[in-house]
Asker: 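Dumping the structure here so I can ask a few things about it.
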Amino acid sequence: MPLFGNTFSPKKTPPRKSASLSSLHTLDRSTREIELGLESGPPAMNLGGQSWKFEDGQWITESGGNASTKEVQRLKKRNLQLEEENNLLKSKIEVLMDMLTETTVEYHLMEKEIEDMKTQHRRKK
């Protein structure tokens, strides 16, 4: 015999209300983003005055453009190689121009000598 009355019997829970009274759940994702402003981009953070964004599996500095640190180093190395190659090619062009100038001068001298010889030959006749 219970001391304080009937045995324990929990109250019945009231039926749930409808899930949502809003019609937003019927809209597609892009429309919801426009309506609610839920444009969530890639994760971003600010460390040491630099903004970082996580894209394609890598953290990328926003202030430094879209290139990662390794990419920047690779591009600097490639740039240095191209500058050295450019300097070498400029030197080669300079040597070739000197050779062309020398050959042209020799050609003109030979041409002048031939003309001189022809004039001398004509005088002898």
Side-chain angles (χ1 to χ4, degrees):
M1 177 165 214
L3 193 60
F4 296 107
N6 294 340
T7 60
F8 177 75
S9 63
K11 294 181 182 178
K12 292 187 177 184
T13 58
R16 292 184 178 206
K17 296 180 180 176
S18 65
S20 174
L21 298 176
S22 171
S23 63
L24 289 176
H25 68 281
T26 60
L27 299 175
D28 63 305
R29 184 173 186 234
S30 60
T31 309
R32 268 187 288 182
E33 287 178 355
I34 293 170
E35 290 291 324
L36 300 175
L38 298 176
E39 296 177 21
S40 59
M45 65 178 164
N46 192 0
L47 288 175
Q50 274 192 323
S51 298
W52 293 82
K53 197 180 346 178
F54 192 75
E55 287 182 353
D56 300 326
Q58 288 186 341
W59 285 100
I60 299 170
T61 60
E62 288 182 326
S63 58
N66 291 335
S68 66
T69 306
K70 288 182 181 178
E71 182 74 10
V72 169
Q73 289 174 349
R74 186 187 68 77
L75 290 173
K76 283 183 179 179
K77 184 178 178 182
R78 179 69 176 142
N79 190 31
L80 184 63
Q81 288 173 344
L82 291 173
E83 285 177 352
E84 289 174 0
E85 183 181 351
N86 192 25
N87 289 337
L88 177 67
L89 292 173
K90 283 180 180 180
S91 299
K92 287 182 177 184
I93 287 174
E94 189 174 332
V95 168
L96 287 172
M97 290 300 289
D98 288 345
M99 290 171 64
L100 178 64
T101 304
E102 185 178 340
T103 306
T104 306
V105 167
E106 287 175 359
Y107 171 77
H108 285 296
L109 286 175
M110 289 173 67
E111 211 174 42
K112 184 167 174 50
E113 282 180 29
I114 291 172
E115 285 297 319
D116 288 345
M117 290 174 77
K118 284 182 179 177
T119 56
Q120 284 179 0
H121 183 64
R122 286 182 192 152
R123 285 184 191 166
K124 286 184 180 179
K125 284 186 175 181

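Hydrogens, waters and symmetry mates are skipped; everything else that's a heavy atom, side chains included, is used. Quantities reported herein were computed from a predicted structural model and do not represent experimental measurements.
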Asker: Can you give each donor-acceptor pair under 3.5 Å made by side-chain atoms of residues 81-93, sequence neighbours left out, with the distance rounded to 0.1 Å?
Answerer:
| residue | atom | partner | partner atom | Å |
| --- | --- | --- | --- | --- |
| N87 | ND2 | E83 | O | 3.4 |
| S91 | OG | N87 | O | 3.1 |

Asker: Each residue besides M110 in its hydrophobic cluster should be listed here, by chain and number; the cluster joins Ile, Leu, Val, Met, Phe, Trp and Tyr at side-chain heavy-atom distances under 4.5 Å.
Answerer: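 Besides M110, the hydrophobic cluster comprises nothing; the residue is isolated.
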
Asker: Using the side-chain hydrogen bond (donor to acceptor under 3.5 Å, both in side chains) criterion, which residues pair with E111? Sequence neighbours excluded.
Answerer: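 If we apply the side-chain hydrogen bond (donor to acceptor under 3.5 Å, both in side chains) test to E111, skipping adjacent residues, the hits are Y107.
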
Asker: Just to verify, what does P43 make a side chain to side chain contact (heavy atoms under 4.5 Å, CB included) with, not counting sequence neighbours?
Answerer: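 Checked P43 against side chain to side chain contact (heavy atoms under 4.5 Å, CB included); matches are F54, W59.
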
Asker: Using a 3.5 Å cut-off and no angle test, enumerate the donor-acceptor pairs between side-chain atoms of residues 98-106 and protein atoms at least two apart in sequence or in another chain.
Answerer:
| residue | atom | partner | partner atom | Å |
| --- | --- | --- | --- | --- |
| T101 | OG1 | M97 | O | 2.8 |
| T103 | OG1 | M99 | O | 2.8 |
| T104 | OG1 | L100 | O | 2.7 |

Asker: What donor-acceptor contacts under 3.5 angstrom involve side-chain atoms of residues 117-124, with partners at least two apart or in another chain?
Answerer:
| residue | atom | partner | partner atom | Å |
| --- | --- | --- | --- | --- |
| T119 | OG1 | E115 | O | 3.3 |
| T119 | OG1 | D116 | O | 2.7 |

